[in-house]
Amino acid sequence: MAKTSVTSAFAIGALVLLGFGLTGCSAAQEIAESVEGEMSGGESEVRDGETQEVTESGDLDVFKLAVGDCFNDAGSTTVSEIPVVPCSDPHDYEVYFEVEMPGGEYPGDEAISAQADTDCTAQFATFVGLSYEESSLNFSYLTPTQQSWDGADDRLIQCIIIDDAAQTTGSLAGAAR
């Protein structure tokens with residue numbers, strides 16, 4: 001399954017299952033079982049068991065990334081894990097908002113990107129304290145792909161904030177810049 005991110009400033013994908021011969025019901029069953037196994041796996045030890053805050057640097061399954069998580073560039077456009085860090089450590093990105101798309105047929109990359117642009121822009125000012133147009137900060141997003149939509153029932157758009165000038169230490173919530 002894959003998730004993608006779209007902006008000129010940032011490109012990161014997620015979990016791609018390769019090598020399936022996509023034929024008939026058995027392929028669909030293989031995908032469903034694979035996704036179920038991946039999504040029901042144990043939580044990485046990077047999180048505090050009580051608060052669920054990232055307390056250790058490490059790789060986290062991309063489907064377990066959550067609002068408030070900070071992470072660094074994975075160095076690839078296709079990844080299965082995200083290199084998360086505590087937000088108190090220098091980092092490249094922070095998840096600031098999530099929105100679940102409605103079910104149904106896959107709407108296509110353009111429709112998903114349009115929804116992500118609308119929702120991430122709308123929530124930017126709430127998070128940063130300035131409108132996107134006034135801010136020196138940028139945003140991007142992680143979005144479902146056709147494979148994750150169909151195979152994992154993935155409908156989640158995750159908005160991520162970026163300071164293109166340098167890594168950030170701490171959260172950008174209320175940064176007003």
Side-chain angles (χ1 to χ4, degrees), residues 1-47 52-54 58-85 91-124 126-127 132 138-162:
M1 301 310 109
K3 287 179 89 91
T4 58
S5 169
V6 181
T7 68
S8 60
F10 176 71
I12 188 170
L15 195 57
V16 176
L17 297 175
L18 300 173
F20 280 117
L22 296 178
T23 57
C25 294
S26 70
Q29 182 64 32
E30 282 182 62
I31 291 170
E33 288 171 4
S34 176
V35 168
E36 182 180 327
E38 289 160 2
M39 295 185 74
S40 64
E43 181 64 22
S44 174
E45 295 187 24
V46 300
R47 291 194 187 279
Q52 292 302 302
E53 182 178 332
V54 173
D59 291 332
L60 184 69
D61 182 318
V62 71
F63 288 104
K64 294 183 179 189
L65 197 63
V67 170
D69 287 350
C70 295
F71 61 100
N72 287 316
D73 191 343
S76 174
T77 58
T78 303
V79 296
S80 61
E81 295 181 325
I82 297 288
V84 295
V85 297
H91 56 274
D92 298 318
Y93 312 106
E94 179 179 357
V95 181
Y96 71 92
F97 183 71
E98 294 179 333
V99 62
E100 192 86 17
M101 294 193 67
E105 293 294 314
Y106 183 72
D109 294 341
E110 286 183 31
I112 291 175
S113 291
Q115 182 74 47
D117 280 332
T118 298
D119 292 338
C120 294
T121 301
Q123 292 301 312
F124 189 92
T126 302
F127 183 76
Y132 177 67
N138 201 356
F139 74 87
S140 185
Y141 36 82
L142 298 172
T143 63
T145 62
Q146 177 86 49
Q147 293 99 341
S148 67
W149 187 280
D150 293 339
D153 202 30
D154 178 20
R155 306 293 188 267
L156 191 64
I157 294 171
Q158 292 176 304
C159 304
I160 54 178
I161 192 161
I162 307 155

For this session: Looking only at non-hydrogen atoms, find the nearest pair between Phe63 and Ser148 and report the distance.
Result: CZ-CB, 4.2 Å
Problem set entry | For Glu100, all residues meeting side-chain contact (heavy atoms from CB on, under 4.5 Å), sequence neighbours excluded | Arg155, Leu156
For this session: State whether the side chain of Ser113 and the backbone N or O of Asp109 hold a donor-acceptor pair below 3.5 Å, judged by distance alone.
Result: yes
Seminar exercise, completed: When rounded to the nearest 0.5 Å, the distance separating OH of Tyr93 from CD1 of Ile161 is 13.0 Å
Exercise. Got a sec, which residues hit side-chain hydrogen bond (donor to acceptor under 3.5 Å, both in side chains) with Gln115, two or more places apart in sequence or on another chain?
Worked result: Asp119
For this session: Calculate, to the nearest 0.5 Å, the distance between atoms CD1 and NZ belonging to Ile82 and Lys64 respectively.
Result: 14.0 Å
Problem set entry | Approximate separation, where rounding is to 0.5 Å, of Ile157 CD1 and Ile112 CD1 | 6.5 Å
Exercise. Of all heavy-atom pairs between Phe124 and Asn138, which one has the smallest distance, and what is that distance?
Worked result: CE1-O, 4.1 Å
Exercise. Minimum heavy-atom separation for Glu98 to Leu65, with atom names?
Worked result: OE2-O, 3.7 Å
Exercise. Would you say the side-chain atoms of Trp149 pair up with the backbone N or O of Gly103, donor to acceptor, closer than 3.5 Å?
Worked result: no
Exercise. What do you reckon, are the aromatic ring centroids of Phe97 and Phe127 less than 6.0 Å apart?
Worked result: no
For this session: Report yes or no: does Tyr96 contribute a side-chain atom to a donor-acceptor pair with the main-chain N or O of Thr126 at less than 3.5 Å?
Result: no
For this session: Quick one: list whatever passes side-chain contact (heavy atoms from CB on, under 4.5 Å) with Ala66, sequence neighbours left out.
Result: Arg47, Asp69
Seminar exercise, completed: Closest heavy-atom pair, Ala116 versus Thr143, reported as atoms and distance to 0.1 Å, is CB-CG2, 4.2 Å
For this session: Keeping the roles fixed (side chain from Asn72, backbone from Pro83), state whether a donor-acceptor pair exists under 3.5 Å.
Result: no
For this session: Give the minimum heavy-atom separation between Phe71 and Val95, together with the two atoms involved.
Result: CE2-CG2, 4.0 Å
For this session: Just do the side chain to side chain contact (heavy atoms under 4.5 Å, CB included) check on Ser140 and Ile162 with the steps written out, would you?
Result: CA-CA 8 Å; Ser140 185; Ile162 307 155; 3.8 Å; yes
Exercise. Do Gln123 and Cys159 come close enough that some side-chain heavy atom pair is under 4.5 Å?
Worked result: no
